[in-house]
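Because the structure is a prediction, the values reported are computed rather than measured.
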Amino acid sequence: MRLENIVLSILNDKKKIFLVYFITLILFILSILTFPTNILKAKMLPDKDSDSFSIYIDLKDGSSKFETKEVVNCVVKKLEEDENITNISAFIGTGQPIDFAGMVKQSSLKTKESQAELMVNIKRFKNREITSYNLVNSLRAKVQEKCQKDETIIKFIQLPAGPPVLASLVAEIYGGNNFQNRRDFAVEVAKVFKNQDTLVDIDILADKDFKTFSLNINSNKTIMSGVDLEHLKATLYLAFEGMEIGVVNDKEAQNQIPIFLRLDNRKELDNNSNVALNSKLNSLKIINNMGQMVSISELVTIKESIKEPTLTSKNLKPLINVISETQNDSQIYPLLNSRDELLEKFSTKYEVIKTNMLNLAFIDKNTKERFDLIFDGELQVTIDTFIDLGTAFIIALILIFLLMVMYYKNFAISGAIVLSSFISIIGVIFAHIIMDMFTKDTFYLTATSLIGFIALIGINSRNSTLIIDFAKQLVIEEKLGINEAIAKAAATRSKPIILTVLVLVFASSLIANDAVFGGLGVALIGGTLISYIVSMFFVPVVIRNNLEKIV
């Protein structure tokens, strides 16, 4: 057989044996180098192609609903220009009905007049030529350029492919002597995030101090003016809030239709200022018990105060979150770039301490004030998942090794089997690189890809065991030499091995394009293909010197 002659010629020539080792080593090194060179990128799960997304709008603290509505109208008009948008629902001063993404994104906590949310539905994926995440990326630039002014923050929120988190990248900032110092430090961290090309929708989840106004009724002056006190209170309430005064029954309506009364159609002020509020009061008149019109502004005084910021904490420790989303990138790469920039720029003012693999602590050289920066969000989920699956991969290798030791009673043969399984990494990584070349979007090494790593250990171990056992049988029963037995075993077992490989390749190709399980499919395709080459050429070479010990 031709394959048998090729394997035998390799086993009988030390130069060819060295060449097999050398080529394998070079391919393995090149596959590992794809990670630091960013040729192959890792991510928890790729973005999900869904039929809806949300937009969170946050104006500067103290903005009125009138100002918020202007921004909402601007965003809606810009969205309506895209043919893929089917309908838009706007929620001003409150959050939208909580969905999977909003469960942990604090959607239900929105109660300010300066906040709004949009729920955007788009065409079904079969009726559009662009994925939802690419559509969001293109709309983000257009909307933010047109509508995001002053301190307004417009964030595009997509349904997460994996576990819901506050944001893709979260920087938790602890410490500082007070809230203001902590917020100032958060602003500096946010500036570093803004320097990264693939970080978008950057926001600091901390309030700013802003002015509030309250109306105090001068009771004595009201009574002396002949105005009924309760009448005055009701008039003020109708002027600013309004109330339901009755209902209308309509047979076409599912429920009773409320009749809502407000003194004019303009509930909101032009802006949150003393002048705007006083102008509104001057326009309001009330009749006293003598039939005379009295200006309400004469009976009410405006009290100005500062709204204190809302403090947030985690594990009973006050903190400020700096959040951001990624655009066409994994979280880990802009994080590493941001971390390097933090280490470089902050080292002049702060003493920087690396508290663990990624997190940092900063101590002010002058005041000795300490800030702790802890990275969280989808990034942390990604790191935890890859560590867990990587650990599972190593444990699987160890267990296979121990099992082979019990079976063959030989450490060298068992190590050769484990080594051949480990070499299958080459096929997995290069398969991801090839897939990335033929897809429009980045094809990431995902968590499901690592599951493919673990599955390949058993497949490769089975192939090696088939060759070793058959070679052992040929030596014992047919009295063949070690090299001849290994070559004949490899050639004979090549057919069942290649049939197994083809079955896995065809089956895995069905999920190769799936958003979640595509990594698993590609890992199995690349890993099983390389496992055939490893079984035919690498395994015979690594077992040749130890096969006679188990015969």
Side-chain angles (χ1 to χ4, degrees), residues 7 10 17-37 39-40 42 385-408 410-434 445-469 471 486 490 493 497 500-501 504-505 508 519-547 550:
V7 174
I10 293 173
I17 291 174
F18 175 78
L19 184 62
V20 169
Y21 281 127
F22 181 74
I23 292 174
T24 305
L25 178 63
I26 292 299
L27 289 175
F28 182 74
I29 292 174
L30 289 175
S31 64
I32 298 301
L33 286 177
T34 57
F35 292 101
T37 56
I39 296 175
L40 178 64
T385 302
F386 273 68
I387 289 175
D388 291 343
L389 291 176
T391 303
F393 178 72
I394 295 172
I395 292 174
L397 286 175
I398 295 173
L399 292 177
I400 289 291
F401 175 76
L402 295 176
L403 185 63
M404 293 298 102
V405 169
M406 294 173 61
Y407 181 67
Y408 288 112
N410 185 280
F411 287 100
I413 290 291
S414 303
I417 293 174
V418 172
L419 181 61
S420 64
S421 300
F422 192 72
I423 293 298
S424 64
I425 291 176
I426 297 173
V428 175
I429 292 177
F430 281 110
H432 278 75
I433 295 174
I434 294 171
L445 183 79
T446 63
T448 56
S449 303
L450 295 187
I451 297 175
F453 273 115
I454 299 172
L456 287 169
I457 296 175
I459 297 172
N460 292 324
S461 299
R462 169 188 170 277
N463 294 345
S464 301
T465 303
L466 285 174
I467 295 173
I468 294 170
D469 284 354
I486 294 175
R493 292 302 185 190
I497 290 175
T500 303
V501 169
L504 279 170
V505 168
S508 300
L520 174 60
V522 172
L524 290 176
I525 291 172
T528 51
L529 287 174
I530 199 67
S531 71
Y532 176 75
I533 299 174
V534 169
S535 300
M536 295 300 103
F537 301 104
F538 183 76
V539 171
V541 169
V542 296
I543 66 173
R544 62 183 291 273
N545 294 327
N546 298 285
L547 183 63
I550 62 173

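- With values rounded to the nearest 0.5 angstrom, Ile400 atom CD1 is found 13.0 Å from Ile395 atom CD1.
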Would you give me the side-chain donor-acceptor pairs under 3.5 Å for residues 17-32, sequence neighbours excluded?
| residue | atom | partner | partner atom | Å |
| --- | --- | --- | --- | --- |
| Thr24 | OG1 | Val20 | O | 2.7 |
| Ser31 | OG | Leu27 | O | 3.3 |
| Ser31 | OG | Phe28 | O | 2.6 |

**Report entry** Residue pair Phe422, Val534: steps toward the side chain to side chain contact (heavy atoms under 4.5 Å, CB included) verdict
**Finding:** CA-CA 10 Å; Phe422 192 72; Val534 169; over 6 Å; no
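- Taking OG of Ser531 as the reference point, atom CD1 of Ile423 lies at 12.5 Å (rounded to 0.5 Å).
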Query raised in the report: What's the verdict on side chain to side chain contact (heavy atoms under 4.5 Å, CB included) for Asn463 and Arg493, showing C-alpha distance, side-chain angles and the deciding distance?
Result: CA-CA 8 Å; Asn463 294 345; Arg493 292 302 185 190; over 6 Å; no
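- In this pair, Phe453 and Phe393 present their aromatic rings perpendicular. The plane angle is above 60°, beyond the 30 to 60° band.
- For the atom pair OG1 of Thr500 and CD1 of Ile459, the computed distance is 8.5 Å after rounding to the nearest 0.5 Å.
- When all heavy atoms of Leu524 and Ala455 are compared, the pair lying nearest together is CD2-CB, 4.1 Å.
- For Thr446, the side chain to side chain donor-acceptor pair (under 3.5 Å) partners two or more places apart in sequence, or in a different chain, are Thr448, Ser449.
- For the atom pair CD1 of Ile486 and CZ of Arg544, the computed distance is 7.5 Å after rounding to the nearest 0.5 Å.
- Checked against side-chain contact (heavy atoms from CB on, under 4.5 Å), Leu529 has the following partners two or more places apart in sequence or in another chain: Val501, Val505, Ile525.
- A heavy-atom distance below 4.5 Å is not found between the side chains of Ile413 and Tyr407.
- Applying the side chain to side chain donor-acceptor pair (under 3.5 Å) criterion to Ser535, with sequence neighbours excluded, gives no partner residue.
- Considering every non-hydrogen atom in both Val542 and Ala416, the closest pair reads CG2-CB, 3.6 Å.
- Scanning for side-chain contact (heavy atoms from CB on, under 4.5 Å) contacts around Phe386 gives Ala42, Thr382, Leu450, with sequence neighbours left out.
- Of all heavy-atom pairs between Gly527 and Asn460, the closest is O-OD1, 4.4 Å.
- Scanning for side chain to side chain donor-acceptor pair (under 3.5 Å) contacts around Ser461 gives Ser421, with sequence neighbours left out.
- Across all their heavy atoms, Ser424 and Leu456 have their closest contact at OG-CB, 4.2 Å.
- Residues satisfying the side chain to side chain donor-acceptor pair (under 3.5 Å) test with Asp388, not counting sequence neighbours, are none.
- A distance of 5.5 Å separates CD1 in Ile497 from CG in Leu466, rounded to the nearest 0.5 Å.
- Partners of Thr37 according to the side-chain contact (heavy atoms from CB on, under 4.5 Å) rule, which considers only residues two or more places apart in sequence or in another chain, are Ile39.
- Residue Val539 comes nearest to Ser464 through the heavy atom pair CG2-OG, 3.5 Å, listed as atom of the first residue, atom of the second, then distance.
- Atom-to-atom distance recorded for Ile433:CD1 and Leu445:CG is 10.0 Å, nearest 0.5 angstrom.
- A pairwise comparison of heavy atoms in Ala396 and Ile457 identifies CB-CD1, 3.6 Å as the closest pair.
- With sequence neighbours left out, the side-chain contact (heavy atoms from CB on, under 4.5 Å) criterion links Ile533 to Ile530, Phe537.
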Requested in this report: Decide yes or no on side chain to side chain contact (heavy atoms under 4.5 Å, CB included) for His432 and Thr34, but give the supporting numbers first.
Outcome: CA-CA 11 Å; His432 278 75; Thr34 57; over 6 Å; no
